[in-house]
Amino acid sequence: CQLAGVAAVPLPGLLAADALARMVIDSGTAIVFHDDYHAPLAAAMREALGPSHPLPLVPMDAAGHWLAADPGRGVPGALPPNGLSDLIYSSGTTGTPKGIAQTWQGRSAATASLSAGLGIKAGSHLLQTVGLYSNFGLSSLMVTLWAGGTFFCSRKFAGAAVVDLVAREPIDHLWVAPATLVRIVDAPGFPATVAGRPCTKLCAGAPLSVTIKRAVRDVWPGPFFDLYGQTETGTLTLLPIHAVPDDKPGSVGRVLPTALVRILDEAGKALGSDDEGEIAGHSNTLMAGYHGRGDATLAVAWTDERGRRYVRTGDIGRLDPDGYLWLSDRKKDLIISGGYNIYPADLERVLQGHPAVFEVAVVGFPSVRWGETPVAFVTLRAGQGAAEDELRAWANARVGKIQRVARVMIVPGLPSGTMGKILKRELRERYRAAVGELP
């Protein structure tokens with residue numbers, strides 16, 4: 001697609017056929033390539049489109065023959081900087097998802113920055129642990145191929161498989177989401193395998209606990225970075241975990257030279273140092289906009305005093321006096337209990353400190369007395385045991401009075417999206433009846 005100068009639309013194979021059909025219609029996709037594994041899903045997607053949207057399906061084993069029919073056809077001499085490189089659909093489990101438009105210029109800038117900043121070059125061996133339909137996944141593929149390196153990925157992630165691959169292959173770059181990194185660290189043989197294998201590690205997609213940051217830093221040699229940004233903004237900050245001051249590992253780093261960050265109040269006014277508000281970002285890799293959604297593009301836009309366009313991220317955070325960005329939570333995940341703001345991430349960090357807890361998500365549920373109150377869903381580490389009331393008491397002894405968790409539920413697993421982000425709306429729906437309305 002890049003050589004031919006046409007826009008690519010990577011589709012997530014984890015979604016249902018009707019959700020994929022909505023993406024196809026929204027993007028105006030003209031042709032779909034698929035492998036044998038996804039052939040049934042591709043056929044179901046085309047059926048969901050109906051006869052009004054005929055769509056050619058090209059099996060990947062035939063793609064080479066299809067392209068070889070006229071290898072010089074459509075290859076441009078130069079690509080227009082503002083031309084559409086790709087559309088990334090970052091959601092789509094419900095409703096009509098938004099396609100995030102990336103330009104050739106933005107992709108070029110992002111790839112050059114990643115290559116230079118992380119030392120990705122010809123001969124590099126990069127392992128990616130998330131899907132290539134996410135911006136994080138697609139960026140890793142692009143930067144590896146553009147640099148002339150070797151790219152590793154698998155159809156289905158498993159922490160033990162990553163450890164085994166690192167033992168067998170000269171992996172010198174690893175890109176992970178927090179959910180995949182936790183499972184790699186927890187896999188058998190992890191410390192012994194990585195101890196003598198220097199590797200540049202990059203984590204993005206969701207907040208990463210300080211405990212995991214330190215565990216990886218202390219065992220696995222090589223640079224280790226935590227990245228903050230969104231598909232809409234590109235990378236905004238970078239935290240070198242291997243070289244960060246002792247009081248900064250809980251942050252997501254300093255703002256990159258290629259980006260600007262402002263903290264905004266509810267009225268859209270820029271706040272000062274250490275003031276908490278919504279994070280807005282500007283960068284040389286800012287999205288062109290939401291495809292065909294001018295209203296949605298305007299809804300997240302903010303302009304500074306010099307006329308520079310920012311994207312409001314919906315994340316809550318603050319910039320400290322040293323220029324480090326600290327995340328509090330997603331604006332939409334905020335719990336308002338008895339008139340007080342409760343950030344689930346604060347409670348999640350506390351519960352993650354319990355030795356038996358593997359993963360945790362805190363969600364707001366209706367309360368008769370408080371309007372809304374926090375409920376924690378946790379999964380336990382293998383071989384560890386803990387009672388729900390015990391975990392609740394342990395957490396509530398370590399938080400403020402207004403932050404106390406109303407209930408802890410031990411569950412077999414937490415639903416997650418393409419980048420390892422826990423889908424709190426699914427938790428809320430799945431356990432609505434079991435939790436009910438709390439006192």
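When reading the values below, keep in mind they use all heavy atoms of this one structure, side chains included, and skip hydrogens, waters and symmetry mates.
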Original post:
Under the 3.5 angstrom rule, does the side chain of T313 hit a backbone N or O of I279 as a donor-acceptor pair?
Top reply: yes
Original post:
When you look at K98 and D26, which way does the salt bridge (Lys or Arg N to Asp or Glu O under 4.0 Å) test go after all the steps?
Top reply: CA-CA 8 Å; K98 295 189 291 289; D26 183 75; over 6 Å; no
Original post:
In Å and rounded to the nearest 0.5 Å, what is the CG to OG distance from L118 to S140?
Top reply: 11.5 Å
Original post:
So, does R46 use its side chain to make a donor-acceptor pair with the main chain of L55 at under 3.5 Å?
Top reply: yes
Original post:
At what distance, to the nearest 0.5 angstrom, does CG of D265 lie from CD of E276?
Top reply: 12.5 Å
Original post:
Under 3.5 Å, is there a donor-acceptor pair between the S367 and T373 side chains?
Top reply: no
Original post:
Would E278 and R318 count as a salt bridge (Lys or Arg N to Asp or Glu O under 4.0 Å) if you check the C-alpha gap in whole Å, the side-chain angles of each, and the deciding distance to 0.1 Å?
Top reply: CA-CA 8 Å; E278 183 179 4; R318 62 181 176 87; over 6 Å; no
Original post:
In Å, rounded to the nearest 0.5 Å, how long is the span from CD1 of I184 to CH2 of W220?
Top reply: 6.0 Å
Original post:
So how far is it from F377 CZ to L351 CG, rounded to the nearest 0.5 Å?
Top reply: 12.5 Å
Original post:
Under 3.5 Å, side chain of S124 to main-chain N/O of K121, donor-acceptor pair present?
Top reply: yes
Original post:
Crowded around E47 CD? As in, over 12 foreign heavy atoms under 6.0 Å?
Top reply: no
Original post:
Under 3.5 Å, is there a donor-acceptor pair linking the side chains of T129 and R183?
Top reply: no
Original post:
Atom OH in Y89, atom OH in Y290: separation rounded to 0.5 Å?
Top reply: 12.5 Å
Original post:
Sub-3.5 Å donor-acceptor pair from the side chain of Q128 to the main-chain atoms of F151, do we have one?
Top reply: no
**OP:** Indicate yes or no for a side-chain donor-acceptor contact from S337 to the backbone of E372 under 3.5 Å, with no hydrogens or angles considered.
**Re:** yes
Original post:
In terms of side-chain heavy atoms, does Q352 have a donor or acceptor partner in T211 at a distance below 3.5 Å?
Top reply: no
Subject >> Whether W302 and Y310 hold their rings parallel, tilted or perpendicular, with breakpoints at 30° and 60° >> reply: perpendicular
Subject >> Partner of T235 under side chain to side chain contact (heavy atoms under 4.5 Å, CB included), chosen from V255, L202, L227 >> reply: L227
Subject >> Criterion salt bridge (Lys or Arg N to Asp or Glu O under 4.0 Å) on D226 and K201, from CA distance to verdict >> reply: CA-CA 8 Å; D226 190 13; K201 301 159 289 288; over 6 Å; no
Original post:
To the nearest 0.5 Å, what is the distance between OG1 (T303) and CZ (R309)?
Top reply: 8.5 Å
